[in-house]
Every structure is written in C-alpha cells, then in structure tokens.
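Data first, discussion second: the structure below is written as structure tokens.
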Amino acid sequence: MTQPLRVGLVQQSCGTDLDANQRTSEAGIRDAAARGARLVLLQELHRSVYFCQHESTDLFDLAEPIPGPSTQWLGALARELNIVIVGSLFEKRAAGLYHNTAVVMESDGTLAGIYRKMHIPDDPGYYEKFYFTPGDAEGRGFTPIATSVGKLGLLVCWDQWYPEAARLMALAGADLLLYPTAIGWNPADPPEERGRQRDAWVTIQRAHAVANGLPVLVANRVGFESDPTGQWPGSQFWGHSFVAGPQGEIVVAAGEEAEVVVVDVDLERSENVRRWWPFLRDRRIDAYGDLTRRFRD
C-alpha cells in the first residue's frame, strides 16, 4: 500500500508590489510544507496582478525567462523544504514571443518540466490572446511531468473547460490533474449569475476527475483587482480552490478569502475507481475521428 500524498494549495490575493506577492506565496508554501505537504500548487500568475484586464505593450516587461529569477527562487525553496512546487509564470521565450507557463520544481531544486497554456481566452477583462502565444508540442503539449510524487497532468485555467485536455493527460499516464487558475466575477453580475458561473467551474473540473478516475487539484486567486484603464469594472476573483477525488468527490475546498489548504490524497483509489468504472477500456476510439474537426457541418 502506498502512503497518501499530502498536497497544499496556496490561495492568495495579489497587488502591484511584486516582492510582496512573492513573500505571500513563499509564506503559503512554507505553511503548507510545515503541515506536511509534499506537493504545493500555486495559483495562475501568482507573481503579479492579473494584468490581462486590458492591453498594454508595457506589461510585457512583467515577463521573465525560464530558467530565470522565479524558477531560481522556487527551486531554492523546493530544495530547502524537500517538496515539489508548481508555479505559474509569464514567460518571455524570445523577443516578442511570450507564454503563460506553469513550472514544476523538483524537491532537489531542479526544473522537472514546464507546461505552456494551450487554450487562450479572449473575453472582456481577460484579453490573454494579446499577451500569450498558445502552447505547442515544444511546450510539452498535453504531456504529464514526471516527479518524485507522481506524474503531474498540469493544465492552466482556461484549459479546465476542455475535457479533451484532461483526457489526453490521463491517456499519457498522469497520476493527478492540476489547474492553477485566475477566474472571477464581473462585479456587475447579479448574485444568481455569479452562482451559476462558479458552480459550472466546479462541476466541469469534478467531471474531469470522474471521467478519468483521477484526483484534481485547483488553486484560484482571491480579491478584487481593478482595471486601471477604467474600461472594465474589474474582477472579483472568487477563490474556492479545491481538491476532488477520482469520483469527483470534494475532498477539501477553500472559501473566498486568502487561505492555505492542505489535505491527503489517496492515489491508490484511482486504481480501484478505474476497475469499477472502466471508462478507458470502453472508449470507442474507432468512432472518435471527428473530434479533430472544428464542427461537424
């Protein structure tokens, strides 16, 4: 019998002071490690505010290379605490070429791998296509990252709405699915619409757990972040980071305030659940060819 894997989620608010954001992230990581976490997941773009609320070429100055300052900091922390850390960075790959990239630091401080966000949204207040080039096979595509705590099926935020992404990670042998996230409400939305949006967000990710028989870890940011241009009301990030088990059961969930969540995940349950519900066995792979088409018209 394998031991349960203790995981930690750092749910935080972010401001314009990059050093203060880093100190908050580090305090959360240390808290989770002190409580026994061997794997810690940070939220999407934890180094800064969510800058994609408007378009400005000046904001590309926030990007950094990988390896770079943040991977050096996270790697040193991972090595000191003997844990695996998943971070989320604005990557400068080359002049004029940028990605929304998640990084995995192994417990010895080395860079275990990266994942470049594949699905890029473009909505009011979420103008990510202006900043981020979609990931590709060179950014690992939908390939898990091998670590000392298991194979991590790492995806990022908007990827969480796509069952194809979760399935491909599962088919490549992922032991867990992880989603660093930055999602919130338009403050002008009525309460009932806010509830529908958050419920849909939780439901789709629980469904990935069910469909693939895998635990799912989600870390979302909290707090209100205004649009400095005034063109958009700003975003109220709703938090509610959570861990779901392989049958979609909620193992632990945070609220709407800054919080560090730590919980044990039983990876062996995936084997049993997949025996009870052998979805991978019963897939009709001979009949799914049209999934590669945009629309069946």
Side-chain angles (χ1 to χ4, degrees), residues 12-18 21-22 25 42-71 86-103 114-142 154-162 164-165 178-189 193 197-198 200-201 204 218-239 294-295:
Q12 68 179 87
S13 60
C14 292
T16 56
D17 186 332
L18 303 185
N21 296 334
Q22 180 171 308
S25 296
L42 300 177
Q43 65 202 31
E44 184 183 23
L45 301 172
H46 51 80
R47 182 169 174 262
S48 68
V49 296
Y50 180 75
F51 51 86
C52 306
Q53 293 194 59
H54 67 284
E55 298 180 356
S56 170
T57 54
D58 291 341
L59 291 172
F60 286 102
D61 290 339
L62 289 170
E64 61 179 293
I66 297 175
S70 287
T71 52
V86 178
S88 173
L89 307 177
F90 186 14
E91 178 192 4
K92 181 178 181 179
R93 186 176 178 184
L97 182 61
Y98 303 84
H99 296 279
N100 186 331
T101 303
V103 296
I114 68 170
Y115 168 80
R116 294 181 175 130
K117 187 174 181 177
M118 294 284 280
H119 300 94
I120 310 297
D122 189 59
D123 296 308
Y126 293 84
Y127 297 113
E128 295 196 13
K129 279 185 167 63
F130 180 79
Y131 295 100
F132 307 132
T133 300
D136 50 31
E138 293 181 39
R140 294 193 60 86
F142 300 118
L154 181 54
L155 299 158
V156 176
C157 200
W158 196 237
D159 292 327
Q160 65 208 2
W161 299 99
Y162 296 86
E164 299 92 341
L178 298 89
Y179 295 95
T181 298
I183 189 169
W185 294 296
N186 177 342
D189 285 338
E193 175 58 24
Q197 291 177 9
R198 189 179 63 202
W201 174 77
I204 190 69
V218 185
N220 188 28
R221 68 171 60 207
V222 295
F224 176 74
E225 296 184 20
S226 62
D227 173 9
T229 70
Q231 300 177 52
W232 166 254
S235 288
Q236 180 66 51
F237 294 98
W238 64 53
R294 183 67 64 188
F295 190 73

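For clarity, every value in this text was computed on a predicted model and none was experimentally measured.
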Mind telling me whether Y98 and F60 have parallel, tilted or perpendicular rings, with 30° and 60° as the class edges?
tilted

Residues 47-59 vs salt bridge (charged side-chain N to carboxylate O under 4.0 Å, His left out), sequence neighbours excluded, gives R47-E64

Here the pair of heavy atoms bringing D136 nearest to M118 is N-SD, 3.7 Å

#### Entry: Evaluation steps, side-chain contact (heavy atoms from CB on, under 4.5 Å), between C52 and F132
CA-CA 10 Å; C52 306; F132 307 132; 3.7 Å; yes

Answer whether the closest heavy-atom distance between the side chains of L45 and F51 falls below 4.5 Å.
-> yes

Q. Do N21 side-chain atoms and G15 backbone N/O form a donor-acceptor pair below 3.5 Å?
A. yes

Taken in chain and number order and not counting sequence neighbours, the residues that satisfy ring-ring contact (aromatic ring centres under 6.0 Å, His included) with Y126 are Y50

Main-chain N/O of Q231 paired to T229 side chain as donor or acceptor, under 3.5 Å:
yes

Salt bridge (charged side-chain N to carboxylate O under 4.0 Å, His left out) filter on E164, not counting sequence neighbours, yields none

For L62 and S48, the nearest pair of non-hydrogen atoms, with its separation, is CD1-OG, 4.2 Å

Distance col, row W158:CH2 vs I183:CD1, nearest 0.5 angstrom, shows 7.5 Å

The side-chain contact (heavy atoms from CB on, under 4.5 Å) partners of V222 (sequence neighbours excluded) come to Q11, S13, A258

To the nearest 0.5 Å, atom CG of L89 lies from atom OG1 of T71 at 7.0 Å

On a heavy-atom basis, the closest approach of Q197 and W185 is OE1-CD1, 3.5 Å

With sequence neighbours left out, the residues meeting side-chain contact (heavy atoms from CB on, under 4.5 Å) with T133 are L97, H99

Practice prompt. Could you check if a side-chain atom of N220 sits within less than 4.5 angstrom of a side-chain atom of W201, using non-hydrogen atoms only?
Written response: yes

Residue set satisfying side-chain hydrogen bond (donor to acceptor under 3.5 Å, both in side chains) with D17, at least two apart, ordered chain then number -> none

Separation between OG1 (T57) and CZ (F130), nearest 0.5 Å, reads 6.0 Å

Across all chains, not counting sequence neighbours, the ring-ring contact (aromatic ring centres under 6.0 Å, His included) partners of F224 are none

Residues passing the side-chain hydrogen bond (donor to acceptor under 3.5 Å, both in side chains) test with E91, sequence neighbours excluded, are T101, R116

Which of V86, I114, L42 passes side-chain contact (heavy atoms from CB on, under 4.5 Å) with V103? Answer is I114

Sorted by chain and residue number, the side-chain hydrogen bond (donor to acceptor under 3.5 Å, both in side chains) partners of E225 (sequence neighbours excluded) come out as R221

Residue pairs meeting salt bridge (charged side-chain N to carboxylate O under 4.0 Å, His left out), one or both in residues 119-132, sequence neighbours left out, come to K117-E128

Next on the checklist: For H54, is there any backbone N or O sitting under 3.5 Å from a side-chain donor or acceptor partner on D227?
Outcome noted: no

Closest heavy-atom pair, P180 versus L155, reported as atoms and distance to 0.1 Å, is CD-O, 2.9 Å

Across all chains, not counting sequence neighbours, the side-chain hydrogen bond (donor to acceptor under 3.5 Å, both in side chains) partners of D159 are Y115, H119

When every non-hydrogen atom of S88 is compared with those of H46, the smallest separation belongs to N-NE2, 3.0 Å

Taken in chain and number order and not counting sequence neighbours, the residues that satisfy ring-ring contact (aromatic ring centres under 6.0 Å, His included) with W232 are none

